[in-house]
Amino acid sequence: MLRRFAVLCLAALAAGCTRVAGPAPASGRHAGTVPHVLRIADISDPDHLNPYLSTMDLVYDLSSLTYSYLVVADGSGRLIGDLASEVPSLRNGGISRDGRTYTYHLRRGVLWHDGYPFGARDVLASWHAVLDPRNDTLHREGYDVVSSIQTPDDATVVVHLRKRYPPFVTQFFAPLQEGGKPILPAHVLVRQSDFNTGSLNAHPVGTGPFKFVRWDRGSGIVLARFDRYFKGRPKLDRVELRIVPDDNTILNEVRLHRIDLVVSPPGSLYRQYQNLEGISVELHPWNAQEVLILNSSRPGLHDVAVRRALALAIDTDGLIEKISRGVGTPAYNSLPPTAVGYSALAPHPYDPAAADRLLDDAGWRRGADGVRSKAGTTLTFTIAVVAGSANLRALALQLQSYFQAVGIELLIKPYSYNQIFSYDGPIYGGTYDIAAYSTTLNWDPDVSTYLGCDRWYPKGENTYRFCDPQLDRDEARGLLSEDPAQRAVAYRAASRVIWSEIPYLPLYELRRQTVRSVDLKHFSVNPGATPWYNAWQWDI
């Protein structure tokens, strides 16, 4: 959650639409461009180069250059094989009829960067690394439903589940949502006495299109083309990450064509980037939303009438214009468009008068100060935001105004970045009323770990303290089959419950912002959490 907040709140600052400022010169490249050398920039050094141990988006991005996964998504959001030759399904026999056996057929002839052959043992060793309680790996959901893994030969992995779990393909060594994990080399893992401090933290050995050369701490990272990459020889000779701890300096380096791709461009400089000659500024589909989360166990918020009134009081179109400055788009569901069962629902209308009537009918009366109360409970809530985020403070101030108009008082409480999502912080600790942040959505529609009645943290990720038996039944139905058509029926029903009962409120959809030189060709991103899926095809 730390990682997704940090990255998405930057994207929420962005504005405008796709624009390319100025054509490339007649020579085909700008003077500052280095042929076949991609220079990327970020403001911070990675904490690890082992993505199992990091919450940084930069680390995930770099891992997609050096490592590989079983399955990935292409630029249109279609699941495709990576190290697996195809995506397991009922149709191709990769998923058993009882939904408890998944068979992955691996590509043959794949090599690790150090020359060792890749095989099924690497998948098995990586699974053990995820579940080893001594390892500080994050997000074990999906991996923890595996009862055993068989490797009948080097190119076959047969995974047996303890129970049917249809989201499995989108979570098991797939970089589609939080905690995407690549396959690690078994021959390196066996030599490490401590996973948390082992050599992979500073010297990755992968099967990806680029191999690690060096890490100059605080300065940059160099990757070189891996000529024997299994999808084909990459077109770039090198990728150079440059650590430039100032956004304005990165802007100037891009202007001079000494930086070709910005890892996480800040929205505060969006207009300046748009005005640079030879720079493409684009917005791409992204499974992410700006959300208002509500603690349903708190006095007042346990009343669904209050939660519905909050939704009616918010002008989401106004937020898209004033806060996201146009990068956001209306949210029509709590699910991402890539999810099975997604359908566009009627947006919550902006209707303060209807919110007033709803609260009146539910017995919430305005006091002399204009704030509503009932039976000793006053509708005064505190919204938790990250200190120092001008975007989130502006959002909170706007919500404060909207809620005041219907008799609800909203106080703003900033928390440090590290504190707000810590396990003893307000959200996981359950002491918050309302919070605002951006979130990456599950690729699969199953949200039972986030909203199940039996999944209140720490038993799950239900930090909303929400419980609805009908939603639990719908979510359970969605896990009874791997057939997308059958699952879609259940999740359409589940999403309608979420939309009506409002455990949290999607304010708007986000789009991913990219800033790159027009000299960079064949660049594409997917809508998942780790977007760089085709780096072997990039060239400059």
Side-chain angles (χ1 to χ4, degrees), residues 3 46-74 79-85 87 104 106-107 110-114 116-132 135-143 146 149 157 159 168-190 192 195-196 198-212 221 223 226 228-231 234 239 241 440 443 525-526 528-536:
R3 184 196 70 84
D47 55 355
H48 297 283
L49 295 184
N50 182 348
Y52 283 59
L53 304 176
S54 180
T55 60
M56 293 181 67
D57 199 55
L58 171 63
V59 176
Y60 284 5
D61 289 342
L62 291 175
S63 74
S64 66
L65 302 180
T66 56
Y67 286 107
S68 306
Y69 306 85
L70 288 178
V71 302
V72 296
D74 65 14
L79 296 187
I80 57 177
D82 196 27
L83 285 171
S85 60
V87 180
Y104 290 88
L106 306 180
R107 297 181 189 265
V110 178
L111 295 177
W112 293 98
H113 293 158
D114 58 7
Y116 275 76
F118 162 80
R121 65 192 177 283
D122 298 303
V123 179
L124 180 60
S126 298
W127 172 62
H128 284 303
V130 174
L131 293 185
D132 191 329
N135 299 344
D136 295 333
T137 56
L138 305 172
H139 300 286
R140 294 180 169 94
E141 56 269 21
Y143 302 85
V146 177
I149 295 179
V157 174
V159 184
F168 186 74
V169 166
T170 65
Q171 292 181 344
F172 192 65
F173 300 116
L176 304 175
Q177 53 202 53
E178 285 299 307
K181 296 174 173 63
I183 304 298
L184 299 178
H187 66 279
V188 175
L189 291 174
V190 74
Q192 293 188 153
F195 183 85
N196 301 321
S199 62
L200 293 178
N201 292 355
H203 193 297
V205 178
T207 58
F210 300 96
K211 59 184 179 181
F212 177 82
I221 292 172
L223 308 176
F226 182 45
R228 302 180 72 180
Y229 178 57
F230 61 91
K231 291 183 181 178
V239 177
L241 169 68
T440 302
W443 193 277
V525 294
N526 67 36
T530 305
W532 295 348
Y533 73 96
N534 73 325
W536 67 287

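In this chain, residues are counted from 1 in sequence order.
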Please test Val123 against Tyr104 for side chain to side chain contact (heavy atoms under 4.5 Å, CB included), starting from the C-alpha separation and ending with a verdict. CA-CA 10 Å; Val123 179; Tyr104 290 88; over 6 Å; no
Checking Phe168, Phe172, Trp127, Tyr52 against Tyr143 for ring-ring contact (aromatic ring centres under 6.0 Å, His included), the one that qualifies is Phe172
Identify all side-chain donor-acceptor contacts of residues 65-72 below 3.5 Å with residues at least two apart in sequence or on another chain.
residue : atom : partner : partner atom : Å
Thr66   : OG1  : Leu62   : O            : 3.4
Ser68   : OG   : Thr207  : O            : 3.4
Ser68   : OG   : Thr207  : OG1          : 2.9
Tyr69   : OH   : Ser63   : OG           : 3.1

Is the backbone of Ala529 close enough, under 3.5 Å, to the side chain of Gln177 for a donor and an acceptor to pair up by distance? no
Rounded distance [0.5 Å steps], CZ in Phe210 versus CZ in Phe226: 12.0 Å
From CG (Leu53) to CG (Asp47), nearest 0.5 Å: 8.5 Å
Any donor-acceptor pair under 3.5 Å from Lys181 side chain to His139 backbone: yes
With side chain to side chain contact (heavy atoms under 4.5 Å, CB included) as the criterion, how do Leu49 and Val59 come out once you've worked through the C-alpha distance, each side chain's angles and the decisive distance to 0.1 Å? CA-CA 6 Å; Leu49 295 184; Val59 176; 5.6 Å; no
Closest non-hydrogen contact found for Asp74 with Tyr533 is CA-CE1, 3.7 Å
Output yes when Asp114 and Lys211 qualify as a salt bridge under the 4.0 Å nitrogen-oxygen rule, no when they do not. no
Would you name the heavy atoms of Thr530 and Ser64 that are closest together and state the gap between them? CG2-CB, 3.8 Å
Minimal non-hydrogen separation, Pro117 against Asp122, with atom names: O-OD2, 4.1 Å
Looking only at heavy atoms, the pair that brings Ala186 and Ala125 closest together is CB-CB, 3.6 Å
Taking Ser126 for the side chain and Ile183 for the main chain, is one N or O donor matched with an acceptor at less than 3.5 Å? no
Just wondering, do Phe212 and Val205 contact through their side chains at under 4.5 Å, heavy atoms? no
Tell me if the CZ atom of Phe230 is crowded by more than 12 foreign heavy atoms within 6.0 Å. yes
Which pair of non-hydrogen atoms, one from Asn135 and one from Ala129, has the smallest distance, and what is that distance? ND2-O, 2.9 Å
Pairwise side-chain contact, Val188 with Ser199, heavy-atom cut-off 4.5 Å (strictly under): yes
Criterion side-chain contact (heavy atoms from CB on, under 4.5 Å) against Phe195, the qualifying member of Asn201, Thr137, Asp136: Thr137
Before you tell me yes or no, could you show the steps for Trp532 and Asn526 under side chain to side chain donor-acceptor pair (under 3.5 Å), namely the whole-Å CA-CA distance, both residues' side-chain angles and the distance that decides it to 0.1 Å? CA-CA 7 Å; Trp532 295 348; Asn526 67 36; over 6 Å; no
Whether the side chain of His113 engages the backbone of Gly208 through a donor-acceptor N/O pair (distance < 3.5 Å, no angle test) should be reported. yes
I need the minimum non-hydrogen distance between Leu111 and Arg228, along with the two atoms involved. CD1-CZ, 3.1 Å
Give the intermediate values and the outcome of side chain to side chain contact (heavy atoms under 4.5 Å, CB included) for residues Gln171 and Val169. CA-CA 6 Å; Gln171 292 181 344; Val169 166; over 6 Å; no
Inter-residue atom distance His203.NE2 - Asn50.CG, 0.5 Å rounding: 13.5 Å
Side chains of Phe173 and Val130, heavy atoms from C-beta outward: is any pair under 4.5 Å? yes
Check: Leu200 main-chain N/O paired with Gln192 side-chain donor or acceptor under 3.5 Å: yes
